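Here is the structure we will look at, set down as structure tokens.
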Amino acid sequence: MAHAHDDADVTRRDFIYVAASGMTAAGAVATAIPFIDQMNPARDTLALATTEVDLASVTPGQSITVMWRKKPVFVRRRTPEEIKAAQDVPVDALPDPQADSARVQSGKEEWLVVLANCTHLGCVPDKGNKGEFGGWLCPCHGSHYDTSGRIRKGPAPLNLAVPEFRFISDTKIVIGEAPAPAATTTEGA
Ligand code: FES
């Protein structure tokens, strides 16, 4: 079982890294400063600031893991049943009350993007075990997350965190960038 400080080992051993790469902008910055000390942490941080993910090969019901800022992130393509299960839960009954609509993007409800570290002690939940609520089970101490990545049972105090991400096409997202603002209309004004 992996802890947050074992990210590097976890990545090598367990994770599928799916078509993810640093963004061009970050690469350009790195190219512009080639003579800076290679140990400079700022350069490393810049290169990992955003991660582009190709969603084309992700099938309904599948969850993949990508790396963003050296942290694992689950990208899950939810089935209609999983979306409905997430939407039907009374928010007030949740340990960390948050509506599903606040955790996904409008019109893109099938895509759930969450940091993969359990909010108890930072372990990475088991992708192969969906737990009692259809999401993920962190077997370290038995935290169960639902199909919205919300904590439903066990010692974890909070939902899996949702990072900023933006769709740059129907099948690609960039994690680490704010979503495009919703379109506005002056119709009827
Ligand atoms: S770290 Fe996940 S339940 Fe303890």
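Fair warning: this is a prediction, and the values are worked out from it, not measured in the lab. Values reported hereafter were calculated over all heavy atoms of this structure, with side chains retained and with hydrogens, waters and symmetry mates removed. Whatever order the structure lists them in is the order used to number ligands and atoms, beginning at 1.
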| said: For a side-chain contact (heavy atoms from CB on, under 4.5 Å) check, start with the C-alpha distance between L112 and V104, then their side-chain angles and the critical distance, and finish with the verdict. | reply: CA-CA 6 Å; L112 178 70; V104 296; 4.0 Å; yes

| field | Heavy-atom nearest option to atom 2 (Fe) of ligand 1, drawn from A156, G142, P139, C138 | value | C138

| task | Could you tell me the separation between the OG atom of S143 and the CZ atom of R152, rounded to the nearest 0.5 Å? | result | 13.0 Å

| message | Suppose you place the vertex at atom 4 (Fe) of ligand 1; what is the angle out to H141 ND1 and H120 ND1, to 10°? | response | 90°

Quick one: which ligand 1 atoms are inside 4.0 Å of a heavy atom on [X]?
X    : value
C140 : 1 (S), 4 (Fe)
C123 : 1 (S)
S143 : 3 (S)
L121 : 1 (S)

| request: For the pair R103 and D146, find out whether any cationic side-chain nitrogen is under 4.0 Å from an anionic carboxylate oxygen. | output: no

| query | Are the charged groups of E52 and K172 less than 4.0 angstrom apart, N to O? | reply | yes

| message | Once you measure the plane-to-plane angle for F74 and W136, does it fall in the parallel (<30°), tilted (30-60°) or perpendicular (>60°) bin? | response | parallel

